[in-house]
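Report on the structure given below.
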Amino acid sequence: AEAGCDSSPAWWGVELQQVLSFYSEIRQDLTNYVAVHRIRVTDGCHVCMHEPCPFRPIDKDRYDDHRGAAFLPLSSIMPRNSGSEGDREEGQKESELIAELVPSTHLVVDRYIKPRTQNSGKSMALLMNAGMPLKVHAFVTHCWATPFSELVDALQMSVAPGEPMFLSCLS
């Protein structure tokens, strides 16, 4: 590797096997997280569908595993059975704005990549190749809103093993 290459995106390559290993490492936690959360469409806030939330079983910061995501319990936006008709209607309007939380590339970056890189000043690609940056041979563009698994599947079908690629979600 060339001196100072870690500051140049031309050296922020990752290989397919590294992406597969990373996905294997996070897959179960990602699956578990989206299974118990939804997303409030208006602001992207994660809505915990269980109380207490399995990712914050005790209401103390040290037990929180939302990794910086804004979250709230479902009960805070759902209508109560004993409320007035107006309260139920308002709660129903808010509950209609809750959607499935997709295990997207965006969620993967927020939940797994940013926490690992935030204090390093380096990209995930550089952390994966500490001291041995890989010169990029291919540039991969991808959608951030679709499931991360679809990106991994597409990479498996289109990138040669051992070919360093620039993958924006890891850069």
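Bear in mind the structure is a predicted one, so any value in this text is a computation, not a measurement. Note that the numbering runs from 1 along the sequence shown for the chain.
Atom CG of D61 sits about 5.0 Å away from atom CZ of R56, to the nearest 0.5 Å. Residue W12 holds its CH2 atom at 14.5 Å from CE of M128, rounded to the nearest 0.5 Å. Taking SG of C53 as the reference point, atom NE2 of H46 lies at 11.0 Å (rounded to 0.5 Å). The distance from the CD atom of Q17 to the CD atom of E15 is 9.0 Å, given to the nearest 0.5 Å. To the nearest 0.5 Å, atoms OH (Y23) and OG (S149) are separated by 4.5 Å. Note that OG of S104 is 11.0 Å distant from CG of L151, once rounded to the nearest 0.5 Å.
A donor-acceptor pair under 3.5 Å is absent between the side-chain atoms of S24 and the main chain of L20, judged by distance alone. Proximity of a side-chain donor or acceptor of R116 to a complementary backbone N or O of Y112 within less than 3.5 Å is detected. A donor-acceptor contact shorter than 3.5 Å is absent between the side chain of Y33 and the backbone of L107.
A 4.5 Å side-chain heavy-atom check between P133 and L126 finds at least one atom pair inside the cut-off. Using a 4.5 Å cut-off on side-chain heavy atoms (C-beta onward), P164 and V136 make no contact. Annotation: side chain of I113 is in contact with side chain of F22 (closest heavy-atom distance under 4.5 Å).
Side-chain contacts under 4.5 Å among hydrophobic residues (ILVMFWY), followed directly or transitively, place Y63 together with I58.
F55 and I98 end up in different hydrophobic clusters when Ile, Leu, Val, Met, Phe, Trp and Tyr side chains are linked at under 4.5 Å. In the hydrophobic clustering of ILVMFWY residues, with side-chain heavy atoms under 4.5 Å counting as a link, M165 and W144 come out together.
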Table please: side-chain donor-acceptor pairs of residues 64-73 below 3.5 Å, with sequence neighbours left out.
from: D64; atom 1: OD1; to: H66; atom 2: ND1; distance (Å): 2.6
from: D65; atom 1: OD1; to: R67; atom 2: NE; distance (Å): 2.9
from: D65; atom 1: OD2; to: R111; atom 2: NH2; distance (Å): 3.3
from: H66; atom 1: NE2; to: H37; atom 2: NE2; distance (Å): 3.1
from: R67; atom 1: NH1; to: R111; atom 2: O; distance (Å): 3.3

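The shortest heavy-atom contact between A125 and V14 is CB-CG1, 3.5 Å.
Relative orientation of the F166 and F139 rings is parallel, given thresholds of 30° and 60° on the angle between their planes.
In terms of the salt bridge (charged side-chain N to carboxylate O under 4.0 Å, His left out) criterion, E150 has no residue partners (sequence neighbours excluded).
Dense packing is recorded around CD of E51, with more than 12 heavy atoms of other residues, nucleotides or ligands lying under 6.0 Å away.
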